[in-house]
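Notes for the one structure printed next.
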2 protein chains.
Amino acid sequence: MTDINFLNNDDSGDAASQSDRSGEALVDLIELLFFAYRDFTSDPDAILAKYGFGRAHHRVIHFVDRNPGLTVADLLDILKITKQSLGRVLKQLIEGGFIHQVTGPHDRRQRLLYATAEGRALAARLSEPQSRRIRAALARLDPEARQTVSRFLFAMIDPAEQPKVARLVGKEPAVE
Amino acid sequence: MTDINFLNNDDSGDAASQSDRSGEALVDLIELLFFAYRDFTSDPDAILAKYGFGRAHHRVIHFVDRNPGLTVADLLDILKITKQSLGRVLKQLIEGGFIHQVTGPHDRRQRLLYATAEGRALAARLSEPQSRRIRAALARLDPEARQTVSRFLFAMIDPAEQPKVARLVGKEPAVE
DNA sequence: ATATATATGTCAACATGACTGACATAAATT
DNA sequence: AATTTATGTCAGTCATGTTGACATATATAT
């Protein structure tokens, strides 16, 4: 029924836009990235739905869990969204007891963010299927594939953002 | 100002959630995938804004351009969205003259979708910065990196979806 | 001390792109 | 003739992003 059969539908003879063979392989990678990311996010989405949360909550709890003491400004810079957007999901996560705030010790204007025990459990639960998916994918490849994939993904990030991401991830994926 | 400095904020001594060293590298890949995809989609987003279009339009025009004669059902299966969601963006693309419909020759219920000259031009314009980004990323890696990355991304897709994607992309990324 | 800048929060209005549910039409299939 | 399928559409809702304006507390500079 919902079977993809349009490869046989090519009886129109009009395949002009597909004839550019030079960039063909790159278009493949564009599409693979789309499908990989589509499925990569589907696992956590299903878990989040049980909590009444969305993908935005996932991103917040993930980065707060991974970086205890993160400030709101840090989070805004990572997620590239407005504080109004962040405000809503952050409020829900705090009210739900997944994140708690601590007034900054040096700068009392700051609210340092920490995941609670429940928050850490949720973060772990969300990352688990994603880790498993990555582990399964890498299992089919050579041992050095992880390094290659890591470097590729890092190189895909805007050059201006790469230093920040390198510090955030805690490693230098582009260096051996 | 908006400088990320929370790596120095770790004066709380509480890094419990970061102490799981076993899955550490996989968490890195989770984050790199997030950042890579975030920036990967930012280039087309800027172009789409000029047309009053969004990311949904990009996906539709891309797959229609790449697969002339695609049916609505095919598109729904690729994008994994509802027909109501697709309906709006498809309508706008048709009204804007980027896509035109042809009644199916065998099954007159079907509307085969084709990109117009303008649609092909838009698709090319959108994929150009993405191709360039990928090309630049691969340029820093070994020649066999493309094969590795391609296989990795393919393996990240739900196994049940892999055959469809393999046919759609027109290659077998998992095979040499 | 006062002025200014910064970090954060909040209110209001809005846009996009998803969703569900219901129903309509035309054409194919049984 | 009845049913299924492919598609379209109306109506309402939700999640998550946006801009603009403004408030508060605190830090910093003059």
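Each chain gets a letter, A, B and so on, in the order its sequence line appears, and its residues count up from 1. Note that the structure is predicted; figures quoted are calculated from it, not measured. Reckoned from all heavy atoms, side chains included, excluding hydrogens, waters and symmetry mates.
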- Task: Find out whether Q130(B) and F40(B) are in side-chain contact, i.e. whether some heavy atom of one side chain is under 4.5 Å from a heavy atom of the other.
- Result: yes
- Note on the structure: Atom CZ of R55(B) and atom C1' of dG17(D) are separated, to the nearest Å, by 10 Å
- Heavy-atom distance under 4.5 Å between the side chains of N67(A) and D74(A), does that happen here? no
- Think R108(B) has a side-chain N or O under 4.0 angstrom from the OP1 or OP2 of dA27(C)? yes
- Round to the nearest Å and state the distance from L48(A) atom CG to dA18(C) atom C1'. 15 Å
- Message: Can you work out whether D107(A) or F53(A) has the more 5'-proximal nearest nucleotide on DNA chain D?
- Response: F53(A)
- R151(B)/E144(B) ion pair, N-O < 4.0 Å: no
- Task: From the options dG9(C), dT5(D), dA18(C), select the nucleotide whose nearest atom is closest to the side chain of R109(B).
- Result: dT5(D)
- Could you state the CG-P distance from L112(B) to dG8(D), rounded to the nearest angstrom? 11 Å
- Task: Could you check how far CG of L75(A) sits from P of dA7(C), rounded to whole Å?
- Result: 15 Å
- Query: In whole Å, what is the span from the CZ atom of R59(A) to the P atom of dA15(D)?
  - Reply: 15 Å
- The reported gap from CG in D28(A) to CZ in F154(B) (rounded to nearest 0.5 angstrom) is 11.5 Å
- Query: What is the distance, rounded to the nearest whole Å, between atom CG of L79(B) and atom P of dG17(C)?
  - Reply: 12 Å
- Query: Could D158(A) and K164(A) be called an ion pair, given the rule that one side-chain N must be under 4.0 Å from one carboxylate O?
  - Reply: no
- Kindly state which residues belonging to residues 81-104 of chain A come within less than 4.0 angstrom of DNA chain D, counting heavy atoms of the residue only, listed by number. I81(A), T82(A), Q84(A), S85(A), R88(A)
- Given the side-chain rings of F63(A) and F34(B), with only the six-membered ring counted for Trp, is the space between their centroids under 6.0 Å? yes
- Considering just the side-chain nitrogens and oxygens of R111(A), establish if one lies under 4.0 Å of OP1 or OP2 belonging to dG9(C). yes
- Rounded distance (Å) that lies between atom C1' of dA27(D) and atom CD of Q110(A): 11 Å
- Message: For a quick test of reading the model: is some side-chain N or O of H57(A) closer than 4.0 Å to OP1 or OP2 of dT16(D)?
- Response: yes
- Is the F98(B)-F53(B) ring centre distance short of 6.0 angstrom? yes
- Protein-nucleotide distance (L76(A), atom CG; dT6(C), atom P), rounded to Å: 16 Å
